[in-house]
Amino acid sequence: MPVQQIGTQSPLQRSRLIYGCMRIAGDGSQNAQRHGMLALESAWDAGFHLFDHADIYSSGACERLFGEFLRTHDIPRKEVVITSKCGIRLPQNEQPGLYDSSSSHILNTVESSLRNLRIDYLDCLLIHRPDYLMDPKTIASAFKALADAGKVRQFGVSNFTPDQIELLQAALPFPLAAHQVEFNLDHMNPLDDGVLTQAMRHGMILQSWCPLGGVAYPAWHSNISEDARERLDREVKRQATQYGCEPTQISLAWLLHHPARIQPIIGSTNPERIQQSVQALTIPYTREDWYRILTARKGPLP
Ligand SMILES: NC(=O)c1ccc[n+]([C@@H]2O[C@H](COP(=O)([O-])OP(=O)(O)OC[C@H]3O[C@@H](n4cnc5c(N)ncnc54)[C@H](OP(=O)(O)O)[C@@H]3O)[C@@H](O)[C@H]2O)c1
């Protein structure tokens with residue numbers, strides 16, 4: 001199966017929101033898995049059809065639960081768009097965690113993800129984090145083998161710098177389709193570090209992980225000052241009151257308003273919050289709202 005070119009035909013662009021499956025298996029207990037299955041049912045009922053995975057989420061249990069979800073609900077493969085990731089090896093015995101973009105690791109991980117998910121191709125495969133020992137030609141040949149075998153349709157990266165993307169892209173015979181980074185009201189770095197402009201220039205879809213960081217919980221990469229935190233909280237609450245919605249919906253409306261058509265990845269496992277995230281799409285958010293949040297976070301503009 002040929003690698004699909006990016007553009008309007010890309011199945012990755014069929015939706016503005018992605019459902020993130022990192023938390024669906026919880027601690028792996030039966031209760032947690034029941035809760036996760038309910039979350040998947042809620043996401044499906046709310047209209048999600050793009051799903052984000054990684055081989056390491058609950059050590060494969062999230063992918064397995066999703067495979068079970070597809071099977072028990074008889075969901076046709078073509079109705080869902082599935083991304084998974086590879087490239088992180090978790091600590092094991094005496095071996096500390098490490099990044100691995102070797103050909104064998106990429107190929108073996110995809111085989112295992114396909115088995116876990118009970119599908120025969122991934123719509124998209126991302127390299128989860130940039131490997132310090134990355135050899136772009138090795139990744140390119142593994143990607144090409146997976147594309148030629150019809151096992152992966154599109155490829156992308158996560159948490160890369162623009163330079164690392166240029167390096168990898170130069171070795172690939174097809175364009176990278178997606179870049180997944182932390183992007184939220186606290187961690188706005190993609191606006192200024194070249195990640196967002198690069199995605200727009202190359203037509204890569206920018207996906208935001210932890211989109212509620214700084215509102216529902218502290219961002220992973222937070223360096224926010226106390227003053228900025230207070231200003232941001234105040235402004236988010238003011239906008240939530242203005243629109244009669246939840247503060248978390250303002251986080252999503254802010255990301256969705258950008259012309260780059262950023263795709264927030266929704267990670268809640270709570271049915272009500274999953275539904276609320278979809279309602280964020282209907283907030284008539286304005287340029288003025290967007291800049292009020294920006295200046296609350298960063299201070300007045302020059
Ligand atoms: N590429 C990467 O490196 C990377 C890294 C991290 C994540 N991801 C992807 O991004 C997805 C989303 O990440 P995420 O799960 O952190 O996203 P998120 O949607 O920003 O956060 C979800 C978490 O916030 C909690 N939450 C939501 N609303 C809340 C509220 N009003 N008050 C308190 N807690 C609230 C949720 O709890 P409830 O479940 O109880 O609602 C859940 O624990 C993941 O599933 C994964 O697919 C990718």
Side-chain angles (χ1 to χ4, degrees), residues 12 15 17-27 31-40 42-43 46 48 50-58 61-63 65-66 81-88 90 97 99 113 117 122-131 155-161 164-165 178-187 189-190 195 204-222 233 236-237 240 245-256 262-280:
L12 293 181
S15 167
L17 296 174
I18 301 172
Y19 185 72
C21 297
M22 180 174 75
R23 302 174 192 272
I24 58 171
D27 60 8
N31 261 350
Q33 305 233 8
R34 263 196 296 277
H35 182 71
M37 191 59 96
L38 189 62
L40 288 173
S42 307
F48 283 89
L50 267 64
F51 294 90
D52 183 68
H53 284 274
D55 60 327
I56 56 168
Y57 292 163
S58 300
C62 294
E63 288 183 333
L65 187 66
F66 190 83
V81 177
I82 303 175
T83 292
S84 196
K85 314 185 196 79
C86 66
I88 298 180
L90 297 173
Y99 300 154
S113 289
L117 291 159
L122 289 173
D123 293 283
C124 190
L125 174 72
L126 307 182
I127 301 287
H128 206 150
R129 287 192 175 270
D131 177 4
F155 299 88
V157 293
S158 181
N159 306 306
F160 274 45
T161 64
Q164 289 164 335
I165 289 185
H179 189 194
Q180 199 175 106
V181 291
E182 181 176 18
F183 196 178
N184 52 51
L185 300 195
D186 180 342
H187 184 78
N189 294 28
V195 161
M204 264 184 304
I205 296 161
L206 193 62
Q207 302 173 341
S208 129
W209 59 259
C210 295
L212 308 183
V215 176
Y217 51 81
W220 281 37
H221 295 102
S222 179
D233 281 355
V236 170
K237 282 188 188 129
C245 68
E246 293 296 322
T248 48
Q249 292 172 304
I250 296 297
S251 311
L252 299 177
W254 188 85
L255 288 164
L256 290 164
I262 297 158
Q263 288 178 323
I265 313 175
I266 307 304
S268 173
T269 55
N270 174 307
E272 195 185 340
R273 288 179 184 157
I274 292 170
Q275 183 60 46
Q276 276 171 4
S277 67
V278 177
Q279 288 157 3

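Computed from a predicted structure; not experimentally measured. Values below: every heavy atom of this structure, side chains too, minus hydrogens, waters and symmetry copies. As the structure lists them, so they are numbered: ligands from 1, and atoms in each ligand from 1.
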Counting only N and O atoms by type, is there a donor-acceptor contact under 3.5 Å from the side chain of Gln207 to the main-chain atoms of Ala178?
no
For Pro271, does its backbone N or O pair with a side-chain atom of Ser42 as donor and acceptor, under 3.5 Å?
no
Which atom names give the shortest non-hydrogen contact between Ile250 and Val236, and what distance separates them?
CG1-O, 4.1 Å
Any atoms of ligand 1 less than 4.0 Å from a non-hydrogen atom of Asn270? List them with their elements.
39 (O), 41 (O)
In ligand 1, which numbered atoms sit nearer than 4.0 Å to a non-hydrogen atom of Leu212?
19 (O), 20 (O), 27 (C), 28 (N)
Quick one: closest heavy-atom pair of Val215 and Ser251, and the distance?
CG2-OG, 3.2 Å
Please identify which atoms of ligand 1 are closer than 4.0 Å to at least one heavy atom of Cys21.
45 (O), 47 (O)
Close N or O approach (Lys85, ligand 1; < 3.5 Å)
no
In this structure, atom 19 (O) of ligand 1 is nearest to the protein heavy atom Gly267 N, 2.8 Å
Check Asp233 against Gly214 and note the closest heavy-atom contact, atom names and distance.
OD1-O, 4.3 Å
Nearest non-hydrogen protein atom to atom 25 (C) of ligand 1, with distance, is Arg273 NH1, 4.3 Å
Closest approach of any protein heavy atom to atom 39 (O) of ligand 1, naming residue and atom:
Thr269 N, 2.8 Å
Do any nitrogen or oxygen atoms of Ser268 come within less than 3.5 Å of a nitrogen or oxygen of ligand 1?
yes
May I ask you to decide if the ring planes of His221 and His187 are parallel, tilted or perpendicular, using 30° and 60° as cut-offs?
tilted
Which word best sums up how the rings of His179 and Phe160 line up, parallel for under 30°, tilted for 30 to 60°, or perpendicular for over 60°?
perpendicular
Report, in ascending order of atom number, the atoms of ligand 1 lying under 4.0 Å from any heavy atom of Tyr57.
4 (C), 8 (N), 9 (C), 46 (C), 47 (O), 48 (C)
Quick check on His128 - does any of its heavy atoms sit under 4.0 Å from an atom of ligand 1?
yes
Is the closest N or O pair between Gly213 and ligand 1 shorter than 3.5 Å?
no
If only atom types and distance count, is the side chain of Gln164 paired as donor or acceptor with the main-chain N or O of Pro130 below 3.5 Å?
no
Looking only at distance, does Ile266 have an N or O less than 3.5 Å from an N or O of ligand 1?
no
Please state which protein non-hydrogen atom is closest to atom 3 (O) of ligand 1 and give its distance, to 0.1 Å?
Asn159 ND2, 2.9 Å
Shortest protein heavy-atom distance from atom 13 (O) of ligand 1, along with the residue and atom involved:
Cys210 N, 3.5 Å
Backbone of Ile82 reached by a side-chain donor or acceptor of Asp123 within 3.5 Å
yes
Purely on distance, is any nitrogen or oxygen of Thr248 under 3.5 Å from one on ligand 1?
no
Taking the side chain as C-beta and beyond, is there a heavy-atom pair between Tyr19 and Leu40 under 4.5 Å?
yes
Heavy atoms only: which of Arg23, Met22, Gln207 lies closest to atom 23 (C) of ligand 1?
Arg23
Which residue is it: Asn159, Asn184, Ile18? I am looking for the one with a side-chain contact (heavy atoms from CB on, under 4.5 Å) to Trp209.
Asn159
The protein heavy atom nearest to atom 12 (C) of ligand 1 is Ile265 O, 3.3 Å
For Lys85 and Leu125, indicate whether the former's side chain and the latter's backbone hold a donor-acceptor pair under 3.5 Å.
no
Nearest-neighbour protein heavy atom for atom 24 (O) of ligand 1, which is reported as residue plus atom name and distance
Tyr217 CE2, 3.4 Å
Any side-chain heavy atom of Asp52 within less than 4.5 Å of one from Cys21?
no
For Pro211, the ligand 1 atoms whose distance to one of its heavy atoms is below 4.0 Å
17 (O), 18 (P), 20 (O)
Pull out every atom of ligand 1 sitting under 4.0 Å from any heavy atom of Ser158, numbered as shown with elements.
1 (N), 2 (C), 3 (O)
Which protein non-hydrogen atom lies closest to atom 47 (O) of ligand 1, naming both residue and atom, and how far is it?
Asp52 OD2, 2.6 Å
